Amino acid sequence: MLVIPALSMPAPAGAGPLDAPGYAKAFTCSACHGPAGQSPSDAMPIIAGIAPGYFKKAIEDYASGRRVSAEMEPYAKMVRELGVEDVAGYFAAQPRRPTEVKADLAAVARGKAAAQQCGGCHGADGAGDAAKLVPDLRGQPPGYLRSQMLLFKAEKRSPGDEPLKAMKVIMRTIPDETLTDLAAYYSTLK
Amino acid sequence: MTCDRRQFLSSMGTATLAMAVGAAGCARTLRGDVAPKSGPRVVVIGGGWGGATAAKYVRLADPSIEVILLEPNREFVSCPFSNLVLSGQRTIEQLTLGYDGLRRHGVKLMHETATAVEPDTRRVRIGEGYLAYDRLIVAPGVEFQWEQVEGLAAAQDRVLHAWKAGPQTVALARQLQAMPDGGVFVLTVPPAAYRCPPGPYERACQVAWYLKTQKPRAKLIVLDANQNIVSKAALFRAAWQAYPNLEYRASNKVVKVDPSTRQVSTEFGDNVKYDVVNVIPPQRAGTIAVQADLVGADKRWCEVDHVTYESVKQKNVHVIGDATIGLPVPKSGNVANNMGKAAASAVSNLIAGKQPPAMALGNTCYSFVNDREAIAVVNAYRIENGKVVQIEQKLTPGASADVARNAVGWASSIWRDILG
């Protein structure tokens, strides 16, 4: 039986990208989430630089089916087996760049005006609050942000989750077109 | 144009090997040690999903290791999404990517075919010369067993496989477009194991969708050597409800093709007439794996250690991708990419005298069932006592445009992981 060597140790000076603690447990994620979690697409979220607490909640929700995804459920169970702390630590340590997906400028302007109602929790700059598991929305792909807002609105993501109730009430008052605008706006923030 | 060994060696030194060798074709005149080794070196045979990933990730793992990638083709053409070229939803150009990203990582490309492996002396033969290695990664993909279908070897120019994306994909799309309305397109599925288990059935969807929209009186007959749809069976059957022009016949192994009478014959003696035929031939590991005695008792696939991907038959030789005995993992591009990374970590650690990490694989596999909707199967694995064991398999509940968007996202991510 092979032992995974010294993953909890900090990477030595001069170490390369594969020496990052947790890499050997996180390497399979890049097939969808991009190299080191920097997703290039509109569909998949960027998980580079993700707050560990929010990452762990996402893994738990996918593994338990509270967030429904045929793609994520098996991987969430795998991450849980491998050790969610190590995988969360790996992605939290990866440098994060805003999405490459270009947003429509008119939509961004409309989204900025509509974003006031989000700032109470996500912050005026969209950076969220890691301690309260409120995610950082800045620079995420607009397609991903929009799809998640639609899931919240339809009560298809984490149904019954107490801290999310107030947000879902707000979502239901926002037309889908405005959700598209909000997604465009937050995707452009850095 | 020719060049001598001295010119070639100086080009190695300036890391422009690929251009020098490729443009001048001078490797054909090479003899002896074509690039003397000055430090640790990994040679990778095959620049597909597994090999290209492995070459890049060995460099990421340890830039002091020299990596030479042997790949005859100048460009990478993605097999995933190539069924959409048949239905006109993608062009082959959209699936064609360059190797410049690998060069930026310091991978030295040689557009040459490895002709033999000498494990005892740790050499790979190319033409009349050889390359020395410390560790070899063999990622040759699949080779077709032409002899399994009578008449196929002699009819390769007319009876297309389109199972390695490229010119054949484009040629088969043209045959489909030129087929008369009211014609019959016959698609034959080989016995498992073969590259991309759901691929033939996705292809059936794309051909049926094209015929339904462009040639409404034409018909698709799928002759499957297997007893049932090999992958995502229930999802494909549901998708096929939309295609009354698709006739699926299980346990119909095609053993003969005759272009002069335009018919194929099954092992039970049934003859099926066609206007266009697409024979996906039975498969085994790429030829170099057979020549290097890496295949197992079945003479088809390579057995490996599931942590290091080292061949169980040859020391210092690692095999990844479709050429390996897949079970329980499928022969997919996603798995080959994962194996490429695991093998790269193993090889770099072994060269440094360190214990390689156990790296558990995953597989995410999308299939398009029409022009805008897709289905998926996802598998996660663990490594248990040195063996790969499935944790869970999950299928999407049905076809949807959301899954299709995820498929597009997956492709852009994994292509960048392989080549970027």
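Atoms considered below: every heavy atom in the structure, side chains included; atoms not considered: hydrogens, waters and symmetry mates. Model, not experiment: these values are computed from the prediction. Below, chains carry the letters A, B, ... as their sequence lines are ordered, and counting in each starts from 1.
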Q | Shortest non-hydrogen contact from A:Y75 toward B:V378 | A | CE1-CG1, 3.3 Å
Q) In Å, rounded to the nearest 0.5 Å, how long is the span from CD of A:E73 to CD1 of B:I391? A) 12.0 Å
Q) Between B:N379 and chain A, which part of the residue has a heavy atom less than 4.5 Å away: side chain, backbone, both or neither? A) backbone
Q. Residues two or more places apart in sequence or in another chain: which of them pass salt bridge (charged side-chain N to carboxylate O under 4.0 Å, His left out) with A:D176?
A. A:K153
Q) Does any non-hydrogen side-chain atom of B:S345 lie less than 4.5 Å from one of A:L18? A) yes
Q. Hey, does B:R405 have a side-chain heavy atom less than 4.5 Å from the side chain of A:S147?
A. no
Q | Summary of side chain to side chain donor-acceptor pair (under 3.5 Å) pairs that have at least one residue in residues 181-190 of chain A, sequence neighbours excluded | A | A:R110-A:D181
Q.
Just so I understand: if I count every heavy-atom pair under 4.5 Å between each of A:C32, A:P35, A:A31, A:A70 and chain B, which residue has the most?
A. A:A31
Q) More than 12 heavy atoms of other residues, nucleotides or ligands under 6.0 Å from CD of A:E85: is that the case? A) no
Q: State whether the side chain of B:K341 and the backbone N or O of A:F27 hold a donor-acceptor pair below 3.5 Å, judged by distance alone.
A: yes
(Q) Test: side chain to side chain donor-acceptor pair (under 3.5 Å). Region: residues 113-132 of chain A. Which pairs qualify, not counting sequence neighbours? (A) none
Q) Side chain, backbone, both or neither: which part of A:M78 has a non-hydrogen atom closer than 4.5 Å to chain B? A) both
**Q.** Top contributor to chain B contacts, counting heavy-atom pairs under 4.5 Å, from A:S30, A:G143, A:A43
**A.** A:S30
**Q.** Heavy-atom contact with chain A under 4.5 Å, split by part of B:Y57
**A.** both
Q) Got a second to check how far A:L151's CG is from B:D402's CG, nearest 0.5 Å? A) 8.0 Å
Q.
What part of B:N338 gets within 4.5 angstrom of chain A, counting heavy atoms only: side chain, backbone, both, or neither?
A. both
Q) Within residues 410-418 of chain B, which positions have a heavy-atom distance to chain A below 4.5 Å? A) B:W410, B:S412, B:S413, B:I414, B:R416, B:D417
Q.
Are more than 12 heavy atoms, taken from residues, nucleotides or ligands other than A:K112, located less than 6.0 Å from that residue's NZ atom?
A. no
